[in-house]
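Data first, discussion second: the structure below is written as structure tokens.
Note on naming: letters A, B, ... go to the chains in the order of the sequence lines (proteins, then strands), and numbering restarts at 1 for each one.
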There are 2 protein chains.
Amino acid sequence: MNVTYSDKRRKRILELVIEAYVSTALPVGSQLLAHKLRSGLSSATIRNIMADLEEAGYLEQPHTSAGRVPTDRGYRYYVDAVMDLQHLSAEALREFEGRLEPMEYDVDRLLECAGALLVEFAQQAAFVVAPSVKKSTVKQVEFVPLSLRKLLCVMVANEEMVASHIVEIEEPMSRDEAAALSRFVNTELAGLEFASLLISLERRMLSQTDSFYHIVKRALQILQDALSTEPNERFLLQGTRVIIEQPEFSRDPKKAHELLKGLDAEETLVERMRQDLAADSVQVRIGKEVKIPELESCSYVIAPFSFGHDHEMVGGIGVIGPKRMDYLRLRALVEGMGRCLSHCLNLWEQA
Amino acid sequence: MNVTYSDKRRKRILELVIEAYVSTALPVGSQLLAHKLRSGLSSATIRNIMADLEEAGYLEQPHTSAGRVPTDRGYRYYVDAVMDLQHLSAEALREFEGRLEPMEYDVDRLLECAGALLVEFAQQAAFVVAPSVKKSTVKQVEFVPLSLRKLLCVMVANEEMVASHIVEIEEPMSRDEAAALSRFVNTELAGLEFASLLISLERRMLSQTDSFYHIVKRALQILQDALSTEPNERFLLQGTRVIIEQPEFSRDPKKAHELLKGLDAEETLVERMRQDLAADSVQVRIGKEVKIPELESCSYVIAPFSFGHDHEMVGGIGVIGPKRMDYLRLRALVEGMGRCLSHCLNLWEQA
DNA sequence: ATTTAGCACTCATATATTATGAGTGCTAAT
DNA sequence: ATTAGCACTCATAATATATGAGTGCTAAAT
């Protein structure tokens, strides 16, 4: 009954529908496509093909006499099989590096700046999933007595991320004692993961009865305190401003509100994104795939970045916005930014 | 020609108009007021008084046959002369303290948490103008060599705010050298303002030729580098989500966009707010008074908080939103939060 | 076997028309 | 000084009526 159309042409039509819809936010009709597709095909034929694509679940109509709009599945197919691979232009990459390298040695500022760059270039909200020292290994720990009851604990990770916390101590500590304690931790515990440090120290405390016992106990108490407020990873969000500029949201502020609410649930989101990062390449999540009810009308693109001697520190950066986004451009952009971050972070480390 | 009405009654009417408008976002008519004002006055009289208030510039009509809406001047008069002083309830204050005190010794987290609390209680966007170490005085500086070319410079302010930066060094430094350098800075420069530290060191470098010269020079180089990336103050913004929930903005997303754009210009805003903080009490800025074109349809309430031995560290916290806001409640809330912050920060310091 | 012209049909959007009614200012009586 | 009464205004809502972009289907053309 149905005529079969060449797969190539079907793809081309889907591609054009998506591209037109992405740039205009308006349902795409057969006439428009007949014009864009300079193949001399008539709108009637296009209509047939579109009906075909609709039946296959790639397109849908907002209402009977309207043009077509891509479905989640349509976008997915486009991303996987239709759109070609595009990399970030060399100039753009150089610009990024030029603006990120000067953030020397300050991971937090670097990530914030990278997010801001993404907002600017993508005109979408940007996020960063930043790894914390906790996940890293001990390079150096420094104890600095501040007063009788307070002590600053400076933790330097192997990748030279720094976290410092003021902790309360039960009995005062002299500078010499502090230095000794630092020396002990640095020689005995360097290379351990911060997160496992406490367990290791605890075990050691139980097995030892000699003079070290006291030192171990104090170190444990302080580090316990200092690490307790460190999150496992932080979620930075930037550019909420540009969200309400998107036509889908300014037309219907409720949707914007929903998105913002979805973004508030950082933990759920970070958990979801950890899976994407495990893939070790740029990922696109579309609508329902995000698996968070409030974000079902949104998509995000996320790229991993990594640093550390063994690339054991992994984070992610990306953009999030309405499903109607320029996946081709944004994937290239986000991937480039991920690479760029890795580049900068590793560059610093070698110094 | 004009009848004169008792000032008391005029005030009462203005008060009611503002309160009704604040809670409904709808122009207020004479009938409604006649009901609220249980004085048996007829709507006609109210109309006369309202016409009076309009002529005096306190009210305006969106269009001829509509009720009245307060003008900037109306709000201002209300805030200054009509609304009575209200303080935050003791329970609320206790709740704030209970949620802020556990953020022990981490000023950044404390301020972020305070902002989040304001968002929650005020249902408005909240901001914090946070003072930086730069404005404070040296309590302790610690140099920690990380590698041949990198060194961690930990700066502890008198109020125990901590900032650390990794800086690049030209020639390697041993731990002993670093300790000596720390000792030098801590004994010679403690109590100086970080911002003026460089000038002081420079002067000293010029006047000295002895063995200290080298130490001074190195300290200067490192601190110069470490301080260069420290901002004078930071501007934290939270709760942009609740902004679009306000009826004025969800009705007209352009306004929301304008507000968000105005909030992006942090420097201008911080500069404006510094003036408010100088007043050393809670301040209300309404519409044009904000003096930032994009924020002319907004108001903010800001309260100072201070800490340090001589209360020399000053910051601000507040809420920003549409002009139609509950000034009475918000002023009390913001003022309470300011007090609460001061309280917490000083509490920590004493420990 | 495709393709396409043609046509009837749908339905969101735009435009015009007409209530509706909340609210006003003014005047004259209280 | 207050208010009842009335004519007037004007945003908003309701209703009816094009308009036209877009569709599906059929039958003819390639």
Self-check item: Gap between atoms CZ and C1', on A/R47 and C/dT4 respectively (whole Å)
Solution: 9 Å

Practice problem: Please round to 10 degrees the angle between the axis of the first five pairs and the axis of the last five pairs in the helix from C/dA1-D/dT30 to C/dT30-D/dA1. | Solution: 30°

Less than 3.5 Å apart, which donor and acceptor atoms pair up between the side chains of residues 291-303 of chain B and the rest of the protein, not counting sequence neighbours?
from   : atom 1 : to     : atom 2 : distance (Å)
B/S299 : OG     : B/Y327 : OH     : 2.7
B/Y300 : OH     : B/D276 : OD2    : 2.4

Practice problem: Return the nearest nucleotide to the side chain of A/M50; candidates are D/dT23, C/dT4, C/dT24. | Solution: D/dT23

Exercise. Starting at atom CD of B/E54, determine the distance to atom C1' of C/dG23, rounded to an integer number of angstrom.
Key: 12 Å

Self-check item: Interatomic distance, B/L33 CG vs D/dT2 P [rounded to whole Å]
Solution: 16 Å

Practice problem: Could you go through the side chain to side chain contact (heavy atoms under 4.5 Å, CB included) check for B/M325 and B/Y75 one step at a time? | Solution: CA-CA 10 Å; B/M325 55 162 73; B/Y75 283 124; over 6 Å; no

Practice problem: Output, in order, the C-alpha distance, side-chain angles, deciding distance and verdict of side chain to side chain contact (heavy atoms under 4.5 Å, CB included) for A/E267 and A/V270. | Solution: CA-CA 5 Å; A/E267 285 88 25; A/V270 166; 5.9 Å; no

Self-check item: Rounded distance in Å - CG (B/N48) to P (D/dT2)
Solution: 9 Å

Quiz item: For A/E120, which residues count as a side chain to side chain donor-acceptor pair (under 3.5 Å) partner, sequence neighbours excluded?
Solution: A/R99

Self-check item: Carboxylate-amine/guanidinium contact B/R331 B/E335, below 4.0 Å
Solution: no

Quiz prompt | Distance below 4.0 Å between B/R9 side-chain N/O and D/dA1 OP1 or OP2 | solution = no

Quiz item: Roughly how many Å is it from CD1 in A/I49 to C1' in D/dG22, rounded to a whole number?
Solution: 17 Å

Quiz item: Hey, does A/S30 reach any base, or is it just sugar-phosphate, or nothing, if we go heavy atoms under 4.0 Å?
Solution: sugar-phosphate

Quiz item: Expressed in angstrom and rounded to an integer, what is the separation of A/L37 atom CG from C/dT3 atom P?
Solution: 12 Å

Quiz item: Is the shortest distance from a Lys or Arg side-chain nitrogen in A/D80 or A/R76 to a carboxylate oxygen in the other one below 4.0 Å?
Solution: yes

Self-check item: Stretch residues 62-70 of chain A: residues that reach within less than 4.0 Å of DNA chain C through a heavy atom
Solution: A/H63, A/T64, A/S65

Practice problem: Sequence neighbours left out, what passes salt bridge (Lys or Arg N to Asp or Glu O under 4.0 Å) with B/D84? Give chain and number order. | Solution: none

Self-check item: Short N-O contact, B/E15 and B/R12, less than 4.0 angstrom
Solution: yes

Quiz item: Expressed in angstrom and rounded to an integer, what is the separation of A/L53 atom CG from D/dT23 atom P?
Solution: 12 Å

Practice problem: Report the residues that fulfil ring-ring contact (aromatic ring centres under 6.0 Å, His included) with B/Y58, sequence neighbours left out, ordered by chain and then residue number. | Solution: B/Y77

Exercise. Using atom CD of B/E55 as one end and atom P of C/dG25 as the other, report the distance to the nearest whole Å.
Key: 11 Å

